[in-house]
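Report on the structure given below.
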Amino acid sequence: MAEEEKDQQPKQPNGPQDESRRKFLKVSGAALGGVVVGGVVGGLIGRNMNQPKQTQPGTPAKPGQQTKDFNQALMYMNAEQFTLTEALAERIFPEDELGPGAKALGVAFFIDHQLAGQWGTNGRDYMMGPFQKAEATQGYQAIFKRHELFSTGLQAVKNYAQQKYQKGVPDLTPEQLDELLTVFEKGQEVQINGLPSSVFFNLLRSSTLEGAYSDPLYGGNKDMQGWRMKKYPGNQMTYMDIIEKEEFVTYEPASLSDHMTQHG
Amino acid sequence: MATKLPKVPVVIVGMGWMGGIIAAELAKAGIKTVGLERGKRRKTEDYFMVHDELRYALRYDLMQDLSRESITFRNTSKMTALPMRTHGSFLLGEGVGGSGVHWNGQNYRFLPYDFQIRTKTIERYGAKKIPDGMQLQDWGITYDELEPYFDKYEKMAGISGDKGQNPMVGKRSADFPVGPMKKTPGIKLFEEAAKKLGYHPYMVPSANLADNYTNPDGISRAACQYCGFCERFGCEYGAKSDPVVTVLPVAEKTGNFELRDLSNVMEVLHTGGRATGVRYINTLTGEEFEQPADVVVLTSYALHNVRLLLLSKLGKPYDPSTGTGVIGRNYAYQVNGGGAQAIYEDREFNLFAGAGALGSCIDDFNGDNFDHSNLPFLHGANIRYTQAGFRPIQTNPTPAGTPKWGKEFKKQSLHYYNRILTIGVQGSSLPWRHHYLDLDPTYKDVYGRPLLRITYDFEDQDREMIKFMATKTIAIANEMKATKTQASNTISNYDIVPYQSTHNTGGAVMGTDPGNSATNTHMQMWDAENVFVIGANAFTHNSGYNPTGTLGALAYRAAEGITKYMQQGKGMIG
Ligand SMILES: Cc1cc2nc3c(=O)[nH]c(=O)nc-3n(C[C@H](O)[C@H](O)[C@H](O)COP(=O)(O)OP(=O)(O)OC[C@H]3O[C@@H](n4cnc5c(N)ncnc54)[C@H](O)[C@@H]3O)c2cc1C
Ligand code: SF4
C-alpha cells in the first residue's frame with residue numbers, strides 16, 4: 001500500500017492505533033518539554049507500546065477455534081426467561097444481510113447481567129416513597145425495580161401469546177412476534193403492574209440497543225460485531241489524524257480490553 | 001453531637017469550578033481555606049477505562065447518586081411535585097471537580113445585553129414589550145465591568161477560539177489564549193452556509209485545549225485528541241479544562257488550602273445575621289462536624305446553593321403569590337428545540353470523532369442582536385453545529401416515519417449513522433413570577449431533610465422563540481449541500497425525562513436591590529454579609545448560551561470581593 005493511501009485508509013488491525021498513540025506522545029512531548037501530562041496517558045502508551053498485539057483482530061475467530069466464553073451463563077434469569085428475552089430482542093434487532101442480530105450479539109446475556117447488577121435494582125435511583133401517579137412530564141414513578149419490571153413484562157408477553165395465539169412464545173412466527181411487540185409498544189391493550197406495557201417495551205428496546213453496542217466487556221456486542229456493522233471504531237485513543245479529513249475512514253474497532261494487554 | 005473543629009478564616013462548600021476558582025484565588029492571596037466536598041476525590045488516572053458509553057453516558061457513573069438525594073419537579077403549582085427518580089433533563093455533578101469533570105467545555109461570554117436586559121429592552125421597545133409576570137431584571141453589573149474577569153478565567157482555563165473580534169458579541173480586551181479547534185467537513189459546511197446567508201459564524205470557544213498550553217498559574221496541559229468521549233466523561237489526557245487539572249492543584253500547592261472530600265454540608269450555622277460556620281457529615285462514617293469560619297462560601301451548584309439556604313433558613317424565601325422574598329426567585333433553565341438536520345445520501349462523515357466543544361456557531365439571532373419589534377418573544381439563541389463524537393448506543397438516527405425497532409430500524413439507523421449533520425439551538429430562558437424553587441413538603445433525602453422542589457414550564461415566549469429559530473436553522477441546513485433537510489419547530493411542555501442541559505439558573509440572584517436579589521454583584525448575601533453564594537443561582541435569567549464561561553468570570557470577581565471583605569472585616573463590598 002502506498003504511503004498516501006495508508007494515511008487515508010489507515011486502519012489495519014491495531015497497528016495504526018498504536019501509531020497514532022506514538023504520534024501523540026511525540027507531539028505533546030515535543031511541545032511540552034519535560035512536563036509530565038495526564039498520568040493515565042503515560043501509562044497507556046507505555047503498556048501498549050511495550051506489548052504489541054499478538055492476535056489479528058478483524059477476522060473474528062471461528063466458533064470452533066474460540067476459547068470457551070465463561071461469561072455466557074445466567075446471573076439473574078431462569079432458562080425460560082432467557083429464551084424469551086432472546087426471541088424478543090432478536091425481533092427488535094434482527095439478523096439480516098447487514099449482519100448479526102441481538103441473539104448472535106449476545107444481547108440476552110447482556111440484559112441478564114445488567115438486571116443482576118445495580119442498574120437492575122435501581123441502586124443509584126431515588127427510590128423513597130410515597131409513590132404517586134405521575135404526569136408524563138415527571139418520569140418513571142413506579143415502586144418496583146427494573147428487574148421486576150422486566151420479569152413481569154416477560155410474564156405478560158407469555159400470557160398474551162397464550163391468550164391471543166394459544167401458543168408458547170418460542171412457537172410464534174416472526175410475524176406474530178412482531179404483532180405482539182407492536183401491541184406492547186403501543187401500550188393500550190396490556191397493563192403490567194398497573195403501567196402500560198409500553199414502559200416494559202421501552203426498557204426491552206433500550207437494553208437491546210445497549211447490548212448490541214456497548215463494549216463487549218458487558219457480554220453483548222460479541223466480537224465487536226455491533227460496532228463493525230455501524231462502522232464505529234470503539235475505543236480509540238485519538239482522532240487527531242483524521243478529524244479534518246473529508247474522506248470517511250473505516251477502522252478495525254478496538255475495545256477496552258485492549259488497555260489490559262499487559263495482563264493478557 | 002457534632003465535633004467542633006478549630007475555626008478557619010474561610011470554608012468553601014462544594015469543589016466544582018466555582019469552589020475551585022475561589023479556593024485557588026484565596027489561597028494565592030494567602031488566605032487559609034477549607035474546601036468541603038460531599039463526593040470523592042478524582043484524578044486523571046481514574047479515566048483509564050473511560051471510553052465506555054454504557055458506564056458513563058447511560059449509567060451516569062460520574063454523577064450524583066440519586067439514591068441519597070434528588071429534586072422534585074412539577075410544571076405548575078397546581079400539580080404535585082414528584083421526585084426525579086433517575087437522571088434525565090439535567091445531570092447533577094458529585095465529587096471533586098463537580099460537573100466540571102464531565103462537561104463539554106463550550107465556553108461563552110454572555111452578551112452585553114444580558115447584564116442590562118431590563119434597561120436595554122425598555123430603551124429599545126418600551127416597557128410594554130415585557131409581558132405580565134416576566135420578572136426581567138438587570139444584573140447590577142455591566143459586561144465592560146466584567147470583561148477583565150472573563151479574560152482572567154479564559155487564560156486560566158486555556159479557552160480556545162478564533163482570533164479577532166466577532167461583531168455579534170461583547171468587546172474582548174485580548175484574543176483567546178489558544179487558537180481555535182480544528183475544522184471538520186461538517187463545520188466547514190455550516191460555516192459556508194451561514195456566511196452565504198450573511199451571518200457571522202465563529203468557532204465555539206472551547207475548553208478542550210486546541211493546543212498544548214501553559215496557563216499563568218504555570219499549569220501545563222496537553223492538546224485535545226478529539227476522542228469523542230467528552231460530555232459525560234472525564235478526560236484521560238487532562239486536555240479538557242476542569243477544576244481537578246487547573247485550579248485545585250494551584251490551591252493545594254500554596255499550603256493554604258485543605259480539601260476534605262466525603263464531607264456533606266447539612267447547614268450553614270448563623271446567628272444575628274452572620275454565619276458562624278457550617279455543619280457537615282462524613283458520608284462514610286456518619287460522623288458530624290462543625291466547622292466554624294469567619295466567611296462561608298457556598299459553591300455547591302445553583303440548585304444545591306438554594307436548597308442549603310432554605311434548609312439553613314438564611315435569607316427570605318420567595319413567595320410566588322406575592323412575588324416577594326428572594327430565595328428561590330427567578331429560576332430559569334435553557335430552551336432547546338427547533339433544530340434542523342442536513343441529510344446526505346452521497347457521503348459519510350467521521351462523526352464518531354469529535355470533542356465536546358468542537359463546533360461553529362452564530363449569534364445573529366441571540367440576545368438583542370436582531371429586531372424584536374414585531375416578534376412575539378424577547379431574547380434569542382445561539383445556533384450551532386457541533387461535532388462532539390457520536391456514540392453508537394445513543395445515536396440511532398432515522399428519517400421521520402421509520403419504525404423504532406425491527407429490520408427497517410436496523411437498516412436505516414446503520415445507514416444514516418454517519419450521514420446526518422444536526423444544527424442545534426441553545427435558547428435563552430427568561431424568568432417568570434411562577435417559576436421558582438422551594439422545599440418539597442413530602443420528599444426527603446437520606447438524612448431526612450426536604451428535597452428541593454422545582455416549579456417550571458415552557459411558556460409561549462419559549463414556543464415562539466423556537467418556532468422562529470427553526471426557520472433559521474432550516475435555512476442554514478438548506479445551504480449545506482445536503483440531499484434533503486428536515487426541522488422540528490415545536491416544543492410542548494417541559495419534561496424532566498429527556499436530557500436537555502445542566503444549565504439550571506437563578507434562585508438566589510444577584511443585583512443592587514435587596515428587594516429582588518439575594519446578593520450583591522460579588523454574590524455577597526444582603527442578609528448575611530459573611531456568606532457568599534456563588535454559582536448560576538446568581539443569574540437573573542439564562543442567556544442563549546451555556547453558562548460556565550460567565551460563571552467563571554463572576555467567580556473571579558467574587559474572589560476579589562471576598563479578599564476585600566477579609567481585609568475590611570465587615571460591610572458590603574461595593
Ligand atoms: C453533561 C454536562 C455538560 C455540560 N456542558 C457544558 C458546556 O459545554 N458549557 C458550559 O458552559 N457548561 C456546561 N455544563 C454546565 C457546567 O458543568 C456547570 O455550569 C458548572 O460545572 C457548574 O459549576 P459549579 O461549581 O457551580 O457546580 P458543580 O460543578 O456542580 O460543583 C458543585 C460541587 O458541590 C458539591 N456539593 C453539592 N452539595 C454539597 C454539600 N451540601 N456539601 C458539600 N459539597 C456539596 C457537589 O458534589 C459538586 O462537586 C455541563 C454540565 C453537564 C452535567
Ligand atoms: S474530546 Fe478532547 S477534551 Fe474531550 S475527553 Fe477527549 S481528549 Fe479530552
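Here is the naming used below: chain letters follow the sequence lines, and residue numbers restart at 1 for every chain.
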Next on the checklist: Please determine whether side-chain contact (heavy atoms from CB on, under 4.5 Å) holds for the pair A:L256 and B:H51, giving the CA-CA distance in whole Å, both sets of side-chain angles, and the decisive distance to 0.1 Å.
Outcome noted: CA-CA 7 Å; A:L256 286 170; B:H51 291 177; 4.3 Å; yes

Next on the checklist: Does A:M240 form a side-chain contact (heavy atoms from CB on, under 4.5 Å) with B:Y226? I'd like the steps, not just the answer.
Outcome noted: CA-CA 6 Å; A:M240 185 71 112; B:Y226 303 90; 3.7 Å; yes

Item to check | Chi angles and distances behind the side-chain contact (heavy atoms from CB on, under 4.5 Å) call for A:S214, B:I393 | outcome: CA-CA 7 Å; A:S214 51; B:I393 302 173; 3.9 Å; yes

Next on the checklist: Pair A:T182, B:W405 - check side-chain contact (heavy atoms from CB on, under 4.5 Å), show working.
Outcome noted: CA-CA 10 Å; A:T182 306; B:W405 55 278; 3.6 Å; yes

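Within the 4.5 Å cutoff, the side chain of A:T137 has heavy atoms near those of the B:F73 side chain.
Contact annotation for B:Y494: only backbone heavy atoms (N, CA, C, O) come within less than 4.5 Å of a heavy atom of chain A. Only the side chain of B:L358 has a heavy atom closer than 4.5 Å to any heavy atom of chain A. Using a 4.5 Å cut-off between heavy atoms, A:E95 touches chain B through its backbone atoms (N, CA, C, O) alone. Heavy atoms closer than 4.5 Å to chain A are found in both the backbone and the side chain of B:K407. Looking at A:F131, the atoms closer than 4.5 Å to chain B (heavy atoms on both sides) sit in the backbone and in the side chain alike. Only the side chain of B:L451 has a heavy atom closer than 4.5 Å to any heavy atom of chain A. For B:Q394, no part lies under 4.5 angstrom from a heavy atom of chain A. Proximity to chain A (any heavy atom under 4.5 Å) is shown, for B:S70, by both the backbone and the side chain. Both the backbone and the side chain of B:V446 come within less than 4.5 Å of a heavy atom of chain A. When heavy atoms are compared at a cutoff of 4.5 Å, A:A102 does not approach chain B at all. Proximity to chain B (any heavy atom under 4.5 Å) is shown, for A:L181, by both the backbone and the side chain. Heavy atoms closer than 4.5 Å to chain A are found in both the backbone and the side chain of B:K411. For A:N221, no part sits under 4.5 Å from any heavy atom of chain B, backbone or side chain. Only the backbone of B:A81 comes within less than 4.5 Å of a heavy atom in chain A; its side chain stays farther off. Residue A:E185 touches chain B through its side chain alone, counting heavy-atom pairs closer than 4.5 Å. When heavy atoms are compared at a cutoff of 4.5 Å, B:R74 approaches chain A by way of both its backbone and its side chain. A:S257 does not touch chain B: none of its heavy atoms, backbone or side chain, sits under 4.5 Å away. If you measure heavy-atom distances from B:D445 to chain A, the contacts under 4.5 Å come from the backbone alone. When heavy atoms are compared at a cutoff of 4.5 Å, B:N75 approaches chain A solely by way of its side chain, counted from C-beta outward. Contacts between B:Y443 and chain A at a heavy-atom distance below 4.5 Å involve backbone atoms as well as side-chain atoms. In this structure, no portion of B:M181 lies under 4.5 Å from any heavy atom of chain A.
More than 12 heavy atoms of other residues, nucleotides or ligands shown are found within 6.0 angstrom of NZ on B:K188.
Ranked by non-hydrogen atom pairs under 4.5 Å with chain B, the options A:E90, A:Q141, A:M229, A:E246 are led by A:Q141. Most heavy-atom pairs under 4.5 Å with chain A: of the set B:T442, B:T72, B:N396, B:N493, this distinction falls to B:N396. Across B:V497, B:T86, B:L351, the residue that shares the most heavy-atom pairs under 4.5 angstrom with chain A is B:T86. Taking B:V50, B:L58, B:T80 one by one and counting their heavy-atom pairs under 4.5 Å with chain A, the maximum is reached by B:T80. Between chain A and the options B:P403, B:P185, B:S492, B:P392, the largest number of non-hydrogen pairs under 4.5 Å is found for B:P392. For the set A:G139, A:G123, A:P94, the count of heavy-atom pairs under 4.5 angstrom toward chain B peaks at A:P94.
For the 3.5 Å distance criterion, the side chains of A:Y218 and B:D52 qualify, holding a donor opposite an acceptor. A side-chain N or O of A:Q114 and one of B:R59 form a donor-acceptor pair less than 3.5 Å apart.
Ionic pairing of B:K410 and A:D96 is present here: one or more N-O contacts between side-chain nitrogen and carboxylate oxygen are shorter than 4.0 angstrom. Classification of B:E348 and A:K231 as a salt-bridged pair holds, one side-chain N sitting under 4.0 Å from a carboxylate O.
Checked against the 6.0 Å centroid criterion, the rings of B:F352 and A:Y239 qualify as a close aromatic pair.
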